Amino acid sequence: MTDPLPQGNTIGILGGGQLGRMLAMAAARLGYKTHIYEPGAAPAADAAAAWTQAPYSDHDALRAFAAACDLISFEFENIPAAALDILSGNTPLFPDRRALEISQDRLTEKSFLTDLGLSTAPFAPIDNAADLAAALAVTGTPAILKTRRFGYDGKGQARIASPDDAQAALDDLQGAPAIAEGFVSFTREISVIAARGRDGSVAAYDPGENHHENGILATTTVPASLPANVKTDAILIASRILTALDYTGILGVELFVTPKGLIVNEIAPRVHNSGHWTQAGCAVDQFEQHIRAITGWPLGDGSRHANVLMENLIGTEIDSAPAHAATPGTQIHLYGKTDTREGRKMGHINRITGPA
Ligand code: AMP
């Protein structure tokens, strides 16, 4: 193992949201400075040593940012390729471009997963209306149309109950390149958060069980109610992906549980909302684990000491934070966002529900 990044060095983080904020706090605990790159509002900047507020098209700002950082990571996937060319020229980027580029495009991502021998929903690309019939022949109905890029929290998606709905669903996506996915009738949604260090070591957290409302994650519960063999399968799938990508950092893998086994929905090459429970459930949480992985520290082992219910505080749910604070065993995380909007993630709570 090489020596960890020296104390006082600077980690650049692309994206200034709550994930960047919690990464910055974890980095500070390990003796590092963080520098946020974010064109818009940046709750992460409150916890960082520096903030470059510039668009991803500002090549001078990108160059200056990269020169000021000892290594660069990111908290969201949609970083333009031209910006990555500049950023990763002289400063190491973790996870690397391959992981980012695979996960930026749902078609590339699904093809990567099936090439690895993992199960996904049946899928087919749709570039225009002429592709619809052939795609639905692959996926069957019901199906879901998803834009290939820039989708999050259920945005950029349209359901197709029967072939008659297909054209309207495609119109909803306004001409963006898309894929059709067969609808998976799952019994549960789970995710595995796992890390791979610069030396190739891997550590995974227990799978969490996720519940979504209006396409947005509402709660994650650990332990997930799953037989031990399914938990093991989920962790093996995540490890497989990490190794195939020669990955460095935290990866989130979202899975559907079905009677026929696990189906991979998507991967996120970053810390993940469904891993927030680790802040209360593990000695080393996902944020510290990511910083450890990219800076060359030994990884935490991922073991869990508590059962946890993570609840997102969405929109005006943040008003209930003081009541939660009065409840024993409840950890509160607020993101410092002053503008409360419907559907906006404002904070989360981790409720310890018992010993592991
Ligand atoms: P995604 O943006 O791909 O994570 O999708 C958001 C949510 O939509 C998922 O968490 C599932 O609840 C649901 N979903 C997405 N894809 C499928 C699918 N192929 N079959 C059934 N449900 C899906």
Side-chain angles (χ1 to χ4, degrees), residues 17 19 75-78 100 102-114 118-126 132 135-163 165-166 169-170 172-173 176-193 207-221 224-226 234 237-238 241 251-277 310-312 314 343-345 348:
L19 300 177
E75 58 125 49
F76 81 120
E77 289 96 317
N78 294 322
L100 193 57
I102 285 174
S103 64
Q104 277 178 338
D105 181 326
R106 291 186 191 273
L107 181 63
T108 325
E109 179 181 77
K110 287 251 177 348
S111 307
F112 163 77
L113 293 166
T114 50
L118 302 176
S119 301
T120 67
F123 64 95
I126 298 185
L132 263 178
L136 293 187
V138 174
T139 63
T141 51
I144 305 185
L145 287 194
K146 300 181 179 180
T147 53
R148 283 174 56 175
R149 302 171 74 92
F150 307 121
Y152 69 99
D153 284 350
K155 294 192 173 62
Q157 299 195 7
R159 302 217 165 184
I160 300 181
S162 78
D165 306 339
L170 191 61
D172 269 3
L173 304 187
I179 64 168
E181 272 184 39
F183 193 84
V184 177
S185 65
F186 53 81
T187 52
R188 297 176 196 287
E189 289 190 77
I190 62 167
S191 53
V192 177
I193 309 299
E209 186 166 332
N210 299 323
H211 171 65
H212 294 83
E213 280 167 21
N214 306 318
I216 304 176
L217 184 70
T219 63
T220 302
T221 307
S225 39
L226 293 175
I237 288 171
I241 297 170
L251 175 85
V253 183
E254 295 182 28
L255 300 141
F256 298 133
V257 182
T258 77
K260 288 192 198 146
L262 291 170
I263 290 182
V264 185
N265 176 29
E266 62 180 9
I267 58 177
R270 54 171 170 79
V271 286
H272 198 258
N273 192 170
S274 69
H276 291 358
W277 67 266
M310 188 289 303
E311 292 178 52
N312 272 335
I314 313 246
R344 192 173 196 208
K345 291 174 180 167
H348 67 275

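Both ligands and their constituent atoms are indexed starting at 1 by order of listing. Every heavy atom of this structure was used, including side-chain atoms; hydrogens, water molecules and symmetry mates were not. Since this is a predicted model, take the numbers as computed values, not measurements.
Those atoms of ligand 1 that come under 4.0 Å of a heavy atom in His212, given as number and element, are 10 (O).
A donor-acceptor pair under 3.5 Å is formed between the side chain of Thr187 and the backbone N or O of Val257. The backbone N or O of Leu217 lies less than 3.5 Å from a partner atom in the side chain of Asn312, making a donor-acceptor pair. Between the Glu254 side chain and the Glu266 main chain, no donor and acceptor come within less than 3.5 Å of each other.
Annotation: side chain of Phe123 is in contact with side chain of Ser111 (closest heavy-atom distance under 4.5 Å).
Taking the six-membered ring where the residue is Trp, His276 and His348 present tilted rings, their angle falling between 30° and 60°.
In terms of polar-atom proximity, Gly182 is counted as a contact of ligand 1, with an N or O under 3.5 Å from an N or O of the ligand.
With Glu254, Glu189, Glu181, His211 as candidates, the residue nearest to atom 10 (O) of ligand 1 on a non-hydrogen basis is Glu189. Nearest to atom 14 (N) of ligand 1 by heavy atom, out of Phe123, Phe183, Phe256, is Phe256. With Thr258, Leu217, Val184 as candidates, the residue nearest to atom 20 (N) of ligand 1 on a non-hydrogen basis is Val184.
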**Working for side-chain hydrogen bond (donor to acceptor under 3.5 Å, both in side chains), residues His211 and Glu213** = CA-CA 7 Å; His211 171 65; Glu213 280 167 21; 3.2 Å; yes

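Contacts between Arg106 and ligand 1 below 4.0 angstrom, taking non-hydrogen atoms only, involve the side chain exclusively. Of the heavy atoms in Ile144, only side-chain atoms (C-beta onward) come closer than 4.0 Å to ligand 1.
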